[in-house]
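No experiment lies behind these values; they were computed from the predicted model shown.
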Amino acid sequence: MNTKNNQRFQETEIRMESAMLRLMENTEVEKITVKKICEEAEVNRSTFYAHFADIYDMLDKMEKELRKELLESYKNKKQYHVFSGESFVYFLKHIKKHKYFYKVNLQKRKSFPLTQGYEQLWKIIKPRCEQAGIKEDEEILYYFIYFQSGFTMILKHWVETDCAACEEEVAAIIKNCMPDIFDGIK
């Protein structure tokens, strides 16, 4: 039986997500239909809806999986300074590898993901702000938003230009745009 979490169910989901990524290479997400995904993945519509509520639910699940993949891959690397150029280069390589997904994901973003998996970033930024004498959570939130929105818009521009600039160049720009209070964070 093809139930959630069995291998066949997971393989079917991966096949549909792969079909979505292939379609995203040449088609705007607004023009991608469930029917096109099903045809590309060679599955029925009922199979699609057994996995996802709609295309945007599919994109949300894919984003969570890619975030998990990125975080897992950092665990296998040597210890980076959190906001170092080296850690940004590694992150940018991940974005470039999945650029079709991120191009669509960043285009559809209407607000900044303040609470979507960024708890770890808050745990890094808050102590650094406190060390700099910024104690109120509301004021710290402004630094958090500044970093997150600037970083997001740089990524958005980079993927819209087909990741033309090299990762090291973009990492240096991100590093140079960071507030001084983030210097030396480990």
Side-chain angles (χ1 to χ4, degrees), residues 17 20-21 23-30 32 55-56 58-132 134 137-186:
E17 290 170 346
M20 177 65 162
L21 288 173
L23 290 167
M24 288 168 60
E25 289 182 39
N26 300 309
T27 309
E28 295 175 27
V29 74
E30 295 81 20
I32 297 173
I55 289 175
Y56 294 101
M58 177 187 234
L59 290 171
D60 288 343
K61 284 184 177 181
M62 290 169 71
E63 180 181 18
K64 288 175 186 167
E65 290 170 18
L66 289 174
R67 185 181 312 128
K68 183 179 174 184
E69 173 189 313
L70 177 65
L71 292 174
E72 287 295 319
S73 65
Y74 268 110
K75 289 179 183 176
N76 300 328
K77 299 293 177 192
K78 66 179 183 170
Q79 189 65 32
Y80 289 117
H81 292 291
V82 174
F83 293 129
S84 70
E86 189 177 18
S87 72
F88 290 143
V89 167
Y90 190 72
F91 180 79
L92 291 166
K93 287 182 180 188
H94 171 81
I95 297 295
K96 189 174 187 175
K97 176 181 173 187
H98 304 288
K99 69 182 172 185
Y100 298 112
F101 171 81
Y102 284 107
K103 184 175 183 178
V104 169
N105 186 271
L106 291 166
Q107 283 175 345
K108 78 176 186 80
R109 181 157 286 151
K110 304 241 185 294
S111 62
F112 297 103
L114 294 176
T115 58
Q116 297 175 6
Y118 290 88
E119 298 84 13
Q120 292 129 334
L121 184 59
W122 178 258
K123 289 177 186 176
I124 294 166
I125 289 176
K126 184 176 180 176
R128 188 62 184 132
C129 286
E130 289 172 342
Q131 289 174 2
I134 302 162
D137 279 354
E138 185 64 24
E139 188 176 355
I140 294 168
L141 184 60
Y142 280 103
Y143 283 91
F144 184 80
I145 291 168
Y146 175 81
F147 174 77
Q148 193 179 50
S149 61
F151 193 83
T152 301
M153 291 300 105
I154 288 172
L155 292 177
K156 182 177 181 181
H157 177 73
W158 189 55
V159 297
E160 284 175 352
T161 59
D162 201 33
C163 303
C166 72
E167 293 91 339
E168 291 78 11
E169 182 182 341
V170 177
I173 291 167
I174 293 168
K175 183 81 173 124
N176 288 333
C177 291
M178 290 177 47
D180 291 339
I181 65 166
F182 295 152
D183 279 345
I185 294 178
K186 293 185 179 191

Fill in: Neighbour count above 12 (heavy atom, 6.0 Å) for Glu28 CD
no
Rounded to the nearest 0.5 Å, how far apart are [atom1] of [X] and [atom2] of [Y]?
| X | Y | atom1 | atom2 | value |
| --- | --- | --- | --- | --- |
| Met62 | Leu21 | CE | CG | 3.5 Å |
| Cys163 | Ile95 | SG | CD1 | 8.5 Å |
| Leu155 | Glu160 | CG | CD | 11.0 Å |
| Ile174 | Glu169 | CD1 | CD | 11.0 Å |

How close do [X] and [Y] get, heavy atom to heavy atom, and via which atoms?
| X | Y | value |
| --- | --- | --- |
| Leu92 | Ala171 | CD1-N, 3.6 Å |
| Ile55 | Ile32 | CD1-O, 3.0 Å |
| Glu167 | Lys93 | OE2-CG, 3.7 Å |

Please examine the side chains of [Y] and [X], heavy atoms only from C-beta on, and report whether any two atoms are closer than 4.5 Å.
| X | Y | result |
| --- | --- | --- |
| Leu59 | Met24 | yes |
| Phe101 | Glu63 | yes |
| Ile134 | Arg128 | no |
| Tyr100 | Met20 | no |
| Phe88 | Met178 | yes |

Discussion item. For Phe91 and Phe151, take the angle between the two ring planes, folded into 0 to 90°, and tell me which bin it lands in: parallel under 30, tilted 30 to 60, perpendicular over 60.
Written reply: tilted
Worksheet item: With under 30° as parallel and over 60° as perpendicular, where do the rings of Phe144 and Trp122 fit, or are they tilted in between?
Response: perpendicular
Worksheet item: Any ion pair linking Lys61 and Glu65 (charged N to carboxylate O, less than 4.0 Å)?
Response: no
Worksheet item: Is the closest basic N to carboxylate O distance between Lys103 and Asp162 below 4.0 Å?
Response: no
Discussion item. Please determine whether salt bridge (charged side-chain N to carboxylate O under 4.0 Å, His left out) holds for the pair Glu86 and Lys175, giving the CA-CA distance in whole Å, both sets of side-chain angles, and the decisive distance to 0.1 Å.
Written reply: CA-CA 10 Å; Glu86 189 177 18; Lys175 183 81 173 124; over 6 Å; no
Fill in: Verdict with supporting geometry, Glu130 and Ile140, side-chain contact (heavy atoms from CB on, under 4.5 Å)
CA-CA 8 Å; Glu130 289 172 342; Ile140 294 168; 4.1 Å; yes
Worksheet item: What about Tyr142 and Phe147, are their ring centers closer than 6.0 Å?
Response: no
Worksheet entry | Matching residue for Tyr102 among Lys96, His94, Lys156 - test: side chain to side chain donor-acceptor pair (under 3.5 Å) | His94
Worksheet item: Does Thr161 use its side chain to pair, donor to acceptor, with the backbone of Trp158 at less than 3.5 Å?
Response: yes
Item to complete: Go through the steps to decide whether Leu66 and Leu70 satisfy the test side-chain contact (heavy atoms from CB on, under 4.5 Å), and finish with yes or no.
Response: CA-CA 6 Å; Leu66 289 174; Leu70 177 65; over 6 Å; no
